[in-house]
Every structure is written in C-alpha cells, then in structure tokens.
2 protein chains.
Amino acid sequence: MVKSNVAEIASIISESSRAAILTVLMDGRFHTASELASMAGIKPQTASFHLSKMQEAGIIAQQKQGRHRYYGIVNNEVANVMESLLFLAPPVKISSLKQSTQDKAIRYARTCYDHLAGKAGVTVTDALLKAGYLKDEQETFLVTERGISFFNELGIDLEKTGKKRRSFSMRCLDWSERRHHLAGSLGNALLERFIELGWMLRVPQNRAVKITEEGITGFMRTFGIDLSLEEER
Amino acid sequence: MVKSNVAEIASIISESSRAAILTVLMDGRFHTASELASMAGIKPQTASFHLSKMQEAGIIAQQKQGRHRYYGIVNNEVANVMESLLFLAPPVKISSLKQSTQDKAIRYARTCYDHLAGKAGVTVTDALLKAGYLKDEQETFLVTERGISFFNELGIDLEKTGKKRRSFSMRCLDWSERRHHLAGSLGNALLERFIELGWMLRVPQNRAVKITEEGITGFMRTFGIDLSLEEER
DNA sequence: GGAATTCTTCGATGTTCATCGAAGTATGGA
DNA sequence: TCCATACTTCGATGAACATCGAAGAATTCC
C-alpha cells in the first residue's frame, strides 16, 4: 500500500481560488495579498486563509514590506508542477479588469519609505548593477571597488553613510515593478542626492516623485538611462 | 480574473485513493480494477467510482478484457504532472503485502481463451517482434513477409488461419505481465502448434500450461529464448 | 496621537464529496 | 444452465472544507 504526499500537494492546488493565485504567481514575481484576492475573485480574508495555507505547505513564500505582504512561488519544483498542469489543462481567461490609468505617475517614480522606488528606482538600480558599481548578493547589494569611487564622484560620502559595506545597501521589493531595487541607507543617500542635484522633486500630496528636465539629462549622462515618460507608453 | 481547469485536474489527484492509484499506474503498465483497489486500500466499489471519475476526466484509459478491466495512464502529459508531483513530494511506502507465491505457474504460462499468455506468451511475442516476423501496429500485430515464411516453416498454414493478415493477429493485454501478447487466430494457431509439437502440455485443473523439456530446447532453437523456470527466481 | 490601509484570526454556515452496503450486469468455466 | 468472479450503479451516511462577516493586529501617513 502506498500513501502519498502527492495528494496533499494536489489538494492545495485543487481549490479553484488557490489554483488561480498560483497561476498568477507563475509570472515569477511577487504579488500583494489584496491583489491576489481581487484576481482570484475572493474577499481578502479568504485569500489570507489560502495564502497562509499554501505557505504552510511550503509552496509559496512571503516577504513582508511595511503593511504589504508579498507572496511568490517558492522554488522551481513547485513551478514545474504548475507548468505541467497548465500544459495539460490551460486556464481560460474570463475577462480583463479595466486598467486603472490613474496612478501612472506613482508607479513611475515614488518614494518607498526613504528611497527611490517605481520604474525609476528599478531602472537606476539596474544601471548600477550593469555598470558594476553594485553586485547582487544574497539578500543585499554589495558596493564594488568601482562603485566606491563612482558614489564619491556623485557626491555621496560612503564613510558617513554607513560603517559596513554590506549593511547599508539593501534590496527592496518593488510593488509596481515587482523587482528589487536599492534601499537601505545607500538608497536613502542616493535619493537625497538626486533631490539635492535638482534631478527630482517630491510631490507634496502623495509619494510620487517628479523627474525634472535636469534630471532626465543628468540620468542619461551619469547612468546612461532614459527616464523621460515617453517609454512608459 | 483567471479561471482554471488546472484546479479540476488537481482536484482529481488530490484525493488520496486516486493519488495512490495514479502512483501505481506510473509504472506505465495496465492494472485491473480490483488490484488497484487493494493497493489503494479501498473497497472495489470505491475504486470503481474513482476509476470512472478519472476516466471521465481523461487522465486514465480503460481496456476491457473478458471480465477484467485494465486501467492505465492515458498519455505523457498526465505522466509529467505525476512525475513533477512525485518529485516535489515523494510517496511513502507503508507496507508490502505478502507476496502470494502460490500461483507462479499460472503466471508463468497459461492459456488466455485460446492462446498462450503469461510470461511465456509475452516472451514469445517479443521474440517474434524482435526477429521482424511481426510488426507492432495500432491495435494489432501485422505479419511481415519474413514472418509469412517463418510461420510456414514452423508448420502453420497462414492461408487456413485467416483470410486477411490484419484481422487474424491481435494484441491481448496480459494480466500478469501487463504487456501485450499475441492473440487472435494466429495466437491460437501458435498455441495449438506448440502443443502438437509436444513443447507444451495443458494442465487439466486450471489454465496453466506446462513447458516440456522438448519445449525448452525447441523455443531456444527456434526463437532464441529461454523458457526454463530458472529465470523466474 | 489619530485616521486610514493592509492583512490577519475567529466563528458560523452551507455545500461538496468519499465511503461502503446492497443490489445489478457481464463474463468465464464446468 | 448454473455458479463464481469481476466490476458496476445506487443510495445513505458522515466528515472535511471554502466562504465571508466581524473584529483584531500592524503599519503608514498627516
């Protein structure tokens, strides 16, 4: 006689709301609990119940960030199961909720606590990684030798910012881009410096950040990136 | 919003008895309903319920044979799902039911209706395929040109056996070996000839067939196969 | 510090579903 | 023709579980 854990895993996926959530998570990104709730067409309490159940089963992971909790698929084995299931029985798209176009600005550039987030934040972080000023490492970003001189040239005093390289440069999960960007004290120092340089302006009402004309040319010259709104459709 | 058929498939597998059945079927062979019932530790009615449910869902196939019904996994996509699940959550073997050693003889060589079955039947069929006398085709075996002369040499009149090549040579699913063997009028003619040659003896009480000394040397010489009981542990 | 938000736990409700006894169908063997 | 075997359908029982309202925790923002 054979008893299987297979049934337990399948049982998790067998509930339609959970299957919907996992299907959404197959994009490889992390999503908030409330977003997953609305996508699955259930109330937040119900989603919370399902999410904790899946977490307990070890097939999804949670990442807390302020009052948000981001959920994502935990590893490749789980993704494989979903992939084979999706191949055998592809899901049916019922409808697409009307795109809210209101909050483009806040998705594009905003503050996250004390650092830059949104598409701008991710783009800047990517540029820093690509140029070799930062190195992706486990849970943090590490500043390279070349990075040290770069930040000094930019006018950021790394000595003052933090004692240890490893501790001041942290990764932060972006809710709109669903990717990591630079946080921690270095992220904060960078944002402050951008504002100091006149490249960015804080928008009083909300957490959005406006990129100035000087900023567009500055980011282009210094990072080689185009932060004009054109590319955002 | 996304609705998924994924959940439906997962729901099928999520039930422990069904998962156990599917895990057994992952050996790629066909098993009888009652055997699957005992392996899953449930009553035949319950197994019947689950089997028809899985068949309806299109993940297992049924093959009727006399009063037996053989069930097996329907295609590779289903096997992939099970494989990824088994990888993520391997099953636990609880116990091994005591091997019934009583019926070795009947498993080894017996008549199935009017032809040879059991290990001997499958082995002979394999040899015929390997030698290129038969060709595996859809639901039947096809006699090749070389096969025609071979059977004639063996003393089987193919003209008398059947009118059409395709119709007289059928495949039969073996309950002990769980593989196909040669049935139909050609299978019958072959069995009769083996008995005629003194290679085999019918056992009166049951359907078992005894292979004689002449048979062992005969099968070795003609088919290149060893049907002495040694190889059966 | 207070309001708003994000997400959680708790408890009650209602539905779905596996299980097995009993009875029915089909097949093989004597 | 009759019995044994293999498997099915039917019907009743009981247990598991998704759902959501209400209320509670944690965090951000002003």
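Below, read A as the first sequence line, B as the second, and so on, with proteins coming before strands; counting in each chain starts at 1. Source: prediction; values computed, not measured.
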Output all residues satisfying side-chain hydrogen bond (donor to acceptor under 3.5 Å, both in side chains) with [X], sequence neighbours left out; order by chain, then residue number.
{"X": "A:Ser84", "result": "B:Ser84"}
{"X": "A:Gln45", "result": "none"}
{"X": "B:Gln55", "result": "none"}

Angle by which the axis turns from one end of the helix from C:dG1-D:dC30 to C:dA30-D:dT1 to the other, five pairs per end, to 10 degrees: 30°
B:Gln62-B:Tyr71 side chain donor-acceptor pair, cut-off 3.5 Å: yes
Under 3.5 Å: donor-acceptor pair, side chain of B:Thr125, backbone of B:Gly121: yes
Residues which pass ring pair (Phe, Tyr, Trp, His ring centres under 6.0 Å) with A:Phe219, listed by chain and number, not counting sequence neighbours: A:Phe194, A:Trp199, A:Phe223
Per B:Ser34 side chain, nearest of listed nucleotides D:dA6, C:dC7, C:dT19: D:dA6
With A:Ala57 via side-chain contact (heavy atoms from CB on, under 4.5 Å) - residues at least two apart: A:Ile12
B:Ile195: partners by side-chain contact (heavy atoms from CB on, under 4.5 Å), with sequence neighbours left out: B:Leu191, B:Met200, B:Arg202
Selection: residues 42-56 of chain A, any non-hydrogen atom under 4.0 Å of DNA chain D: A:Lys43, A:Gln45, A:Thr46, A:Phe49, A:His50, A:Lys53
Non-neighbouring partners of A:Glu196 that pass salt bridge (Lys or Arg N to Asp or Glu O under 4.0 Å), sequence neighbours left out: A:Arg193
Just how far, in rounded Å, is [atom2] of [N] from [atom1] of [X]?
{"X": "B:Gln63", "N": "D:dA6", "atom1": "CD", "atom2": "C1'", "value": "17 Å"}
{"X": "A:Tyr71", "N": "C:dT6", "atom1": "OH", "atom2": "P", "value": "15 Å"}
{"X": "B:Leu36", "N": "D:dA6", "atom1": "CG", "atom2": "P", "value": "14 Å"}
{"X": "A:His68", "N": "C:dT5", "atom1": "NE2", "atom2": "P", "value": "12 Å"}
{"X": "A:Glu15", "N": "D:dA16", "atom1": "CD", "atom2": "C1'", "value": "13 Å"}

Below 4.0 Å: OP1/OP2 of C:dA26 and any side-chain N or O of B:Arg69: no
Distance test, side-chain N/O of B:Lys64 to OP1/OP2 of D:dC7, below 4.0 Å: no
